Structures are given as C-alpha cells and as structure tokens.
Amino acid sequence: MTTRSLLQELRARFAEALNAVAGDSTPVDPQVRASGDPKFGDYQCNAAMALAGRLKRKPRDVAQAIVDAVEVADLAEPLEIAGPGFINIRLKPESLSGRLGRIAPVGEGGVNPNRPELTDRFGIPPVADGDRLRVILDYSSPNVAKQMHVGHLRSTIIGDVFARSLEFAGHDVIRQNHVGDWGTAMGMVILGLWYRETRRRRGETDDVLRRRLVDLQSARESGVDERRALLQPIATDWAADLSDANAAVEPVRLEQLELGYQFVQTLTTVAEKTGVQAPGPDGDIELADIPRLVTQMLQTGGEGNEFERALWEAARAASIGYCQELYDRLGVLLRPEDVRGESFYHARLPRVVDDLRTALTGEGRTAPDGAKAVFREDQGAACVFVYEPDGKPRYANPDGEALPLIVQKSDGAFLYATTDLAALRYRVSELHGQRLIYVTDPRQQLHFKMFFDVGRAMGWAAPTTRLEHVTFGSVLGENRRPLKTREGGVITLARLLDEAESRAFELLHERQRAAESEEEGAAIPRFDEVEMREVARRIGIASIKYADLCRDRNSDYVFSWDKMLAFQGNTAPYMLYAYARIRSIYRRAADEFPDAQPYAADVTIQLDHPTERALALRLARLPETLESIVDELTPHTLCAYLFDLAADFMRFYEACSVLKAPDAASRASRLRLCDLTARGLRLGLSLLGIPVIERM
RNA sequence: GCGCCCGUAGCUCAGCUGGAUAGAGCAGCGGACUUCUAAUCCGCAGGUCGCAGGUUCGAAUCCUGCCGGGCGCGCCA
C-alpha cells in the first residue's frame, strides 16, 4: 500500500465527498490546503463557496452537506464551518502521532553521510512505477574556455537540487552537463594554446607570453601604425610556427588556457583595422578576423589535423578537470561522465539541417499547439520560421518581420540552435527522456521557445514529452547591479568559495573567543584548528548554496555575506545549528539514559504541549512539501519549510526539556520527536545539496 | 515597436495558482540564561500590496490601461 501524504489523503477524501454532493461525475477541485492561521485549524477545505454557485444553493448549506458526506473522523476532530462556508479541519493528536509513529527508524546500515536521502526516506515512498519518468536534466553547462564565475553558480546548484529531489521522488534522472566545448570561445582557446605551444617549443616560457600580452593590452588605445609595428613580428613568427605540426601536446592547466585565450582575444582587438595578416589553413587571414578563422577551424572538425585535435583535447581535459574540482568542492553530483558537451553533437548537425530542410520546406509542419514550422533559406542562412495558426509570425524582430531560428549560417557554420535540436533528438530517442529540464538564465528564453516549437513540429519531442526551460534571476551586488569585483571584473567561483569559508572561519573563531572570555564559558564545542577549518568550510559552502536556493529562483537576489552567514533567520547556519542542537541532546541522552529506546514499540508520541503538537504537524507535512518541489521545481518552498521546521523545533526546545522530562515515557516521546526532526532536517538539507554538521 | 520578468513593512524576502485580520527575518524598542549549545526564545511597533479601472460572495493573486525598473528581439551562446 502506498502511503499518501496528509494533504493527498485529505484531498482524496474531500474529492469523494464533493462528487457525492455535486451529484455528477465532473471532478471537483477539493480546494484543500493548509490553513494560514492556526485558529482556522490545520487544513481547510474551500470548495463549498464555488460549488454553491454551480448548484445554486447557499454556501453554508453546501458546506454542511460536504461535512456530512466526508469521512475523516479517523483523522480529524469534528469539522467546523466558518465564515461564508470554510470547512476547518483540525487533526486529532492521535492521528498525527500515529502517522509519525509509522516512520520507521533508520535501518541497520545507518545513514550514508554523503547521500542520507538514499538511506533514510523518512517513510516517504517513491512514486508508483506508472508515474516514474525518465528525466533529462541539463544544468551547469559552463563554457570551457573560461573560469567558472558567479553566473554559473545558480544553474549548478539549482539544477543539483532538481537532480536530488527528482531522484528521491523515484524518478530516473540523467544529468547532462552541456558544456561549451565547441564554440568560438573554444576555438580561441585552441588557437591560444597552439600559439603558446609553438612558442614553447622555441624555448619561450609563459612569462614571455605574459609580457607580450601586457604589451598588447597597453597598446589597445594606440594608433594604427604603432599597433601594426607591434603585431607584425608576431605574425611573422606565426608564419614560421605554422609548419610545426608535432601533435604531442602536454597536459595543461586552466591558467594556461586563460593566458592563451586572453592573448588571442587581445591580439584580435589590437589588430582592428591594422590589416596585419597571418597565415591560416586556407591562405592568409587578417588577425582581426581570427574569430571567424577559429569557427571555421572547428566547423571543419579539426579532422585531419592531429595537432589541432590534440590541442582541443588538452584544452578540454584541463577545463573539465578544473570544473570537476569546483563541483567536488561545492558538493554537487555532477561527474565527468555527465559531460556531454556541444562537441558530442558536432557530427550530427548536418543531418539536423538536412532533416529540417526535407520535412519543413514548402508547407512545413504543424506542432500540436498549432504552431507551423517552415524551412526557408534567408539571406544565405538556413532558417526555420514559426507561424501562428492564423499565418502571422510567432516571433518577430524589431522591424516586425518574422524572426527565424537560424540553424546554419551563410558561411556554412552551425549554431547553438542546431546543437540544441540535435541534443533534443538524442535525449528523446536515445536517452528515452520523457521530461527534459534545462536550467539556464532567462535571456535564452526566446531561443528555447523557438527551438521547442521546432522540435515539437518535427515530432522530435512527442506531445507527451515535457520540455521545461527553468530560469533564474541574476546575482546582484549591493549596488543592485550584477555582482562584480570592486574593480569591475567577474568574480570567479573559486574566489567566492574561498571568501565564504574564511568568513565562516572568522565567525567561528570569534564565537570561540567570546565563549572563552566568559566566566563559566558557554557550552559550545571546542575545536582545534583543523576541525574548525572543516566546520567553517561546510558552513561557508552551505551558506552560499542556501542563500541562492531560499528565494524564488526567478527573482534577482542581492548577494550579502552578512545575511547569508547570519545565525538568525532563514539561513544555512540557523538550520545547521538547529540540527547540531538536536544531535547534542541525543548524545547526552545516550550518556545519561542508556536504556532509553525512542523507537521502541511501546513508545507513544505524546503531543500534550502546543509546541509538541506544532512540531509534529510540521513533521507530518514534509512529504507534501517534497511533492510540490517535484512538480513545480521550486527549491525555496523546501527552504521555507525547513526554516519553519527548525523554528518549530527551537520553540519546542525552549518549552519542553527532553533530558528533564517528567517521566521516561515523556522523555522517549520527546527523544523520538527530536530524532524525527533531525532526520527531517537532514533529509531536506540533503536534497538541497547541503550536508549537516554534527557539532558546531 | 513587439515579447518576457519584476514592483508587498525602513532593508532582504514569503504569500501555497481566487479565500478569512497580507506573513517571516533583519534593523528599532522591551523582556527571558541556577535549565538539554542564548548562534536561541517571547513580546511591541511597523502596510494605500506601484497607480487606476474591471471580473465576483471574495483580488496582493485573474483581465485591461497607465507609471517605474530589468532583460530579450538573424547568422554569439
């Protein structure tokens, strides 16, 4: 038998009663929800008012009819009708404690500290087999050319919560890290790496390259002649180096990629309007045109050029290795085997365009929602236009003309729309995805709408395939502009994490000092340097992640160290502290009452004190909270729940002593509540990608 | 010009897809440590939900129009 959540149970029972009252088989929304105010009960059913209109009866009469028809006597106190026809539901304490009592203790093997949700389900069953979906989750997706910065943070940690939550719910999640390893930026990296490598073979160190970069940077504002004089020797050497095709490339590090990338990028800027040329694969090319050169270089696939291939692989390996370090540090689930970047689809792109051309030329095809996709060449580019059923373009440019999804540029190169379509086909037909989730910034929204339309029109996504573009707001500085360093540069992720950890360490250190200076000394754990570093590391990372997750993901959020590291309010430290307090009680109870068995069969969960009842009700609502996160992909609702849970526990903690409980039965009951709370916090935080701390 | 997102307490944010007297946390004021970690808890104060209409038993929520802010709109991703 599947255990329903409290909310599901009440909904089901009221739905049945409503159908009886309504007298027909039209399903009626039972409108059961948690009450906003405790004086209106724990849950309420608001369906009477709406139904009254339909039945042309008085709302309160309808409410009475529902009350008479519904069978909830085993769960709730006698129902009350209030106001215009609200039905207030107050749960019986024994039904609450019974429900919690059915949550089995953690099994023999104990809890896996890294993935507690895999070993302690808190009595929550996975979805039924028939509801299980294969979910393809596309998140993080950094561009391998550059260091990861705060912009990548949100996609990575929000996506990670989806991965964990959907997996916990019982779905079959396949992570796809769609890294940018084949675009112009990657080409620039390869070219930079090529330059560095060939110079290195002539005995030049990175320092020489770095100095040359500085020279170029300072020449950006100079006159054409001056810049030409600077560039000409580089171009001449370049020509000499081109003959070197030794494919052996040593492993490189990210800094070297960045150096090469910056060099090529600066070179391109400085070469603006100088006309300085260097040899390319198909004859001379202007240095200023390098971006086009590298794109072409990649379009031809680097095939037949082992050196280029080796450079690409070295660059890719360095980037992915570097990203993996950050993923490990952040504690996200992504692994190297989840990487399926743009390059993976490269060989499939011509067929995508061919198939679009074949299927959509002329009349085109119509998607289930009526959108018509038509293939047409326009200004030399291969395009797909999307039209409404009435023939109007669904997307328009500022001049009001139809806006195409371009799948092949006039120079023959493919674009990210092409890659995304190829990935869509792959994910549906080869990975058998039924729900495809893309976690990216909202600027790409138009692109996603267009390529979803085309994918549906082509039938590459079935009508039942869910395609979801999940967006998130930007991270702002205190000045309300996108977060930057004081100098205006991007903040690298590594630096951000460093600062979080060192700030957390300072706070811990401060607290320890304060405790030592007090006469009796607060009862806080004493840490040595190594332990404190580790606790600070966990708090720091947790704070960054939690701050990111606790707001509605679509709104921009203002980044504030003080707020995310605060020990009050809806923050990671508050939650972690609540957990640590509970664990502390547990350790002491084990010492003082070694015989106490909170999960023994004869233990009844007693809900005499209001704070005990409130805590129990909150615990009973964990399952329904997790349901909503799976449907709506809203981590902040889980954060809000955990904050309420922690706060309810704190109140209980202040009011009901566990170790000094009046008797053994009460103590066992309270210990049980403590442990359930700890498990709920641990499970919830774990789904947010945040590991708990036993002592802090 | 078109499209999307946002506007709620001094600040940072919730508000469960139309429900009851709009809620938290900071900051402010006042309380609580002989008591399981005071990184806590309790109380007070704080609001024209951007503005104006509309839909209805009922609107912060849905519709329309303004005002203010952000983003996007053909060969970058």
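On a predicted model such as this, the values are computed, not experimentally measured, just so you know. Just so you know, these numbers use all the heavy atoms, side chains as well, and skip hydrogens, waters and symmetry mates. Lettering of chains follows the sequences in order, A, B, ..., and the numbering in each one begins at 1.
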Roughly, in whole Å, what's the span from [atom1] in [X] to [atom2] in [N]?
| X | N | atom1 | atom2 | answer |
| --- | --- | --- | --- | --- |
| Leu405(A) | C73(B) | CG | P | 14 Å |
| Leu446(A) | C76(B) | CG | P | 16 Å |
| Phe559(A) | C26(B) | CZ | P | 20 Å |
| Asp441(A) | C5(B) | CG | C1' | 13 Å |
| Met188(A) | A77(B) | CE | P | 13 Å |
| Tyr579(A) | U37(B) | OH | C1' | 15 Å |
| Asp648(A) | G23(B) | CG | P | 17 Å |
| Asp453(A) | C4(B) | CG | P | 14 Å |

Which nucleotide wins on minimum distance to the side chain of [X], given the candidates [options]?
| X | options | result |
| --- | --- | --- |
| Leu415(A) | C76(B), C42(B), C11(B) | C76(B) |
| Gln568(A) | G25(B), G74(B), U37(B) | G25(B) |
| Arg588(A) | C36(B), U40(B), G19(B) | C36(B) |
| Asp378(A) | C36(B), C26(B), G74(B) | G74(B) |
| Phe86(A) | G74(B), U37(B), A20(B) | A20(B) |
| Ala82(A) | G25(B), C13(B), A20(B) | A20(B) |
| Pro84(A) | A77(B), A14(B), G19(B) | G19(B) |
| Lys449(A) | G72(B), A77(B), C4(B) | C4(B) |
| Met49(A) | G25(B), G19(B), C36(B) | G19(B) |
| Tyr557(A) | U40(B), G74(B), C13(B) | C13(B) |

Query raised in the report: Under the criteria of a ring-centre distance below 5.5 Å and an interplanar angle below 30°, is Phe40(A) stacked with the base of A20(B)?
Result: yes
When you measure from the side-chain N and O atoms of [X] to the phosphate of [N], is any distance below 4.0 Å, counting only OP1 and OP2?
| X | N | result |
| --- | --- | --- |
| Tyr574(A) | C41(B) | yes |
| Ser555(A) | U12(B) | no |
| Arg443(A) | G70(B) | no |
| Arg581(A) | U40(B) | no |
| Arg33(A) | U17(B) | yes |
| Gln445(A) | C71(B) | no |
| Ser584(A) | U37(B) | yes |

Requested in this report: Test for a donor-acceptor pair under 3.5 Å between the base of A77(B) and the side chain of Asp420(A), counting only N and O atoms.
Outcome: no
Query - Phe344(A)/His178(A) aromatic ring centres below 6.0 Å - result: no
Report task. Answer with yes or no after comparing the ring centroid distance for Phe86(A) and Phe40(A) against a 6.0 Å cut-off, counting only values under it. Result -> no
Report task. Classify the ring geometry between Phe452(A) and Tyr438(A) as parallel (under 30°), tilted (30 to 60°) or perpendicular (over 60°). Result -> tilted
Query raised in the report: Using the ring of each side chain (for Trp, its six-membered ring), is Tyr653(A) parallel, tilted or perpendicular to Phe649(A), with breaks at 30° and 60°?
Result: tilted
Query - Donor + acceptor pair across side chains of His447(A), Asp420(A) (<3.5 Å) - result: yes
Report task. Scan side-chain atoms only and decide if Ser155(A) and Asp441(A) contain a donor-acceptor pair under the 3.5 Å cut-off. Result -> no
Mind checking the [atom1] distance from [N] to [M]? Whole angstroms is fine.
| N | M | atom1 | value |
| --- | --- | --- | --- |
| C62(B) | G25(B) | P | 27 Å |
| C57(B) | C5(B) | C1' | 33 Å |
| U48(B) | A60(B) | C1' | 12 Å |
| A27(B) | U37(B) | C1' | 26 Å |
| A45(B) | G30(B) | P | 15 Å |
| G31(B) | G68(B) | P | 48 Å |
| G7(B) | C2(B) | P | 22 Å |
| G46(B) | G53(B) | C1' | 30 Å |

Query raised in the report: Of Phe643(A) and His447(A), whose nearest nucleotide on RNA chain B comes first from the 5' end?
Result: Phe643(A)
Report summary line: When Ala580(A) and Glu401(A) are each assigned the nearest nucleotide of RNA chain B, the 5'-most assignment goes to Ala580(A)
Given the ring of [Y], does [X] sit roughly above its face, with NZ or CZ under 6.0 Å from the centre of the six-membered ring and within 45° of the axis?
| X | Y | answer |
| --- | --- | --- |
| Arg667(A) | Phe593(A) | yes |
| Arg394(A) | Tyr387(A) | no |
| Arg621(A) | Tyr641(A) | no |

Report summary line: Note, RNA chain B 5' to 3' with Watson-Crick or G-U pairs under 3.5 Å encoded as ( ), [ ], | and . gives (((((.(..((((.....[...)))).(((((.......))))).....(((((..]....)))))).)))))....
Query - Syn or anti for U40(B) (syn when the glycosidic angle lies within 90° of 0) - result: anti
Query - Full working for salt bridge (Lys or Arg N to Asp or Glu O under 4.0 Å) between Asp648(A) and Arg651(A) - result: CA-CA 5 Å; Asp648(A) 282 334; Arg651(A) 288 183 199 111; 3.1 Å; yes
**Report entry** More than 12 heavy atoms from other groups under 6.0 Å of CZ on Arg443(A)
**Finding:** no
